[in-house]
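The structure appears below as C-alpha cells.
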Amino acid sequence: MRRCPLCHNQHSSVFHQDRKRNMYLCDRCQLVFSDANSHLPPPVEKRRYQQQVAKNQKPLKQFLMSLILQCEQQSTDPLIGLNFGRVAEPDTVLSVESHRHTLYQYDPYFAANHDLLKRQYDFICCYRVFEHFRFPFKEWSLLGKLLKPGAWLAISTKLLTELSAFDRWHHKNNLTHVSFYQHSTFEFLAQQAGFKLLFAANDLILVQKPSGSDIKRDQSSLDDV
C-alpha cells in the first residue's frame, strides 16, 4: 500500500511492476503514480529536461496560442497569463504580447521566480508538466489559488485511457514521468475543487474556475472527502 500523492488515499495498490520501478493505482482518484523511491535525483532530472527544451518549443507555442484564441472568445480585455512548469522561447512570448496580453513564466529549475506564485492570472498554461509532478496535490492546490475567478487552466498531458494496456504504453518509460492521469482523475479534481471540467480528451484538459459566488469549495476539500 502507498499513500496517493494526489488525494492522500491510504489504500493505493500495486498496479504495475518492471525492472526500474513500481506503479500504484489509487482507487479513489484513479491516479497511477510511481514509487517515490524510484524518483530521479533532482540534478539528473534537470539534465533530462535540458535535453528536451528545443524539442518541445513548437508544440508549446501552438498549445499556448490556441489557449489565447480560446480566451479571446470570452473576453476582449488584455489578459495576464502564466506559463507554468516550462519556459517558452522569446518569440512565443512576443506572439502573446502581439495580442495585447502579458505572459509570465515559472519553472522550478529554469525560471524560479517565486513572486509569480503570489498573484492571480486570467489563464494558466501547463504544457507537458503534470506527468512530472511528484506531489500533484501540492501543485494542483497551488494552481487553483493562482487562477482568478473565471480563469482558465489548460493542461496538456497524455491521458491514460486503457489500464489493461499500461504495460505497453511508451509514455510510462520516461523516468521523469511519475504521475499518470485518467479522465476520471480530472473529473474527481474538478468536482472536489468546484471547478468546471470543460474538456478532457486527446491529451487536452481544459478547466475553468467559476466566478464569484459560483466557487463552492476550497482546495483543502480534497483532504476532507
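Keep in mind that this is a model prediction, so the values were computed, not measured. Note: hydrogens, waters and symmetry copies are ignored here, and every other heavy atom, side chains too, is used.
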Minimum heavy-atom separation for [X] to [Y], with atom names?
X	Y	result
C7	R28	O-NH1, 2.8 Å
C26	N9	SG-ND2, 3.4 Å
Y106	A112	CE1-CA, 3.7 Å
P136	S179	CG-OG, 4.0 Å
D122	P78	OD2-O, 4.4 Å
C4	S12	CB-OG, 3.7 Å

Could you tell me whether the side chain of [Y] reaches within less than 4.5 Å of the side chain of [X], counting heavy atoms only?
X	Y	answer
Y181	C29	no
H177	K172	no
L103	L64	yes
E97	V93	yes
M23	V14	no
Q182	L159	no

Tell me whether the rings of [X] and [Y] are parallel (<30°), tilted (30 to 60°) or perpendicular (>60°).
X	Y	value
F130	F186	tilted
Y127	F63	tilted
W169	H171	tilted
Y49	Y109	tilted

query: Under 6.0 Å between the ring centres of Y24 and F15?
result: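 No, ring centres 6.0 Å or more apart.
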message: Under the criterion salt bridge (Lys or Arg N to Asp or Glu O under 4.0 Å), I'd like the reasoning laid out for K61 against D91: C-alpha separation, chi angles, the key distance, then a yes or no.
response: CA-CA 9 Å; K61 181 176 182 179; D91 75 299; 3.0 Å; yes
task: List the steps, then state whether side-chain contact (heavy atoms from CB on, under 4.5 Å) holds for W152 with L198.
output: CA-CA 10 Å; W152 301 61; L198 302 177; 3.7 Å; yes
Could you tell me whether a side-chain N or O of [X] sits under 3.5 Å from a main-chain N or O of [Y], the two making a donor and an acceptor?
X	Y	value
E131	T157	no
N202	L204	no
Q57	V87	yes
Q105	A88	yes
H101	L79	yes
T176	H132	no
K209	G144	yes

message: Go through it in stages, so that I can follow the logic: the residues are W140 and L189, the test is side-chain contact (heavy atoms from CB on, under 4.5 Å), and I'd like the CA-CA distance, side-chain angles, deciding distance and then a yes or no.
response: CA-CA 9 Å; W140 176 260; L189 288 173; 3.7 Å; yes
message: Is it true that S156 and R128 share a donor-acceptor pair across their side chains at a distance under 3.5 Å?
response: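 Per modelled atom types, R128 and S156 side chains form a pair under 3.5 Å.
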- request: Using only heavy-atom distances, determine whether the side chains of H183 and Q30 contain a donor-acceptor pair under 3.5 Å.
  value: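 No donor-acceptor contact under 3.5 Å links the two side chains.
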Step-by-step salt bridge (Lys or Arg N to Asp or Glu O under 4.0 Å) determination, K158 to D203: CA-CA 5 Å; K158 287 189 177 295; D203 303 344; 3.6 Å; yes
Could you give the distance from [atom1] ([X]) to [atom2] ([Y]), rounded to the nearest 0.5 Å?
X	Y	atom1	atom2	value
R21	H39	CZ	NE2	7.5 Å
E187	Q192	CD	CD	12.0 Å
L82	L143	CG	CG	8.0 Å
L31	F137	CG	CZ	13.5 Å
K196	L153	NZ	CG	15.0 Å
S98	M65	OG	CE	5.5 Å

query: Given R86 and F110, is the side-chain contact (heavy atoms from CB on, under 4.5 Å) satisfied, shown in steps?
result: CA-CA 8 Å; R86 194 175 292 277; F110 307 113; over 6 Å; no
task: Could you check R134 against E45 for salt bridge (Lys or Arg N to Asp or Glu O under 4.0 Å), going step by step and ending with a plain yes or no?
output: CA-CA 12 Å; R134 300 184 180 195; E45 186 177 46; 3.3 Å; yes
Please answer: with hydrophobic residues joined when any side-chain heavy atoms are less than 4.5 Å apart, are [X] and [Y] in the same cluster?
X	Y	answer
L116	L147	yes
F33	F133	yes
I124	L197	yes
L6	F188	yes
Y121	I205	yes

field: V129 vs C126, side-chain contact (heavy atoms from CB on, under 4.5 Å): CA-CA, chis, key distance, verdict
entry: CA-CA 6 Å; V129 297; C126 292; 3.5 Å; yes
Atom NE2 of H11 with >12 non-hydrogen neighbours under 6.0 angstrom: no
message: For D35 and R2: C-alpha separation, side-chain torsions, deciding distance, then whether salt bridge (Lys or Arg N to Asp or Glu O under 4.0 Å) applies.
response: CA-CA 8 Å; D35 188 339; R2 286 291 188 277; 3.4 Å; yes
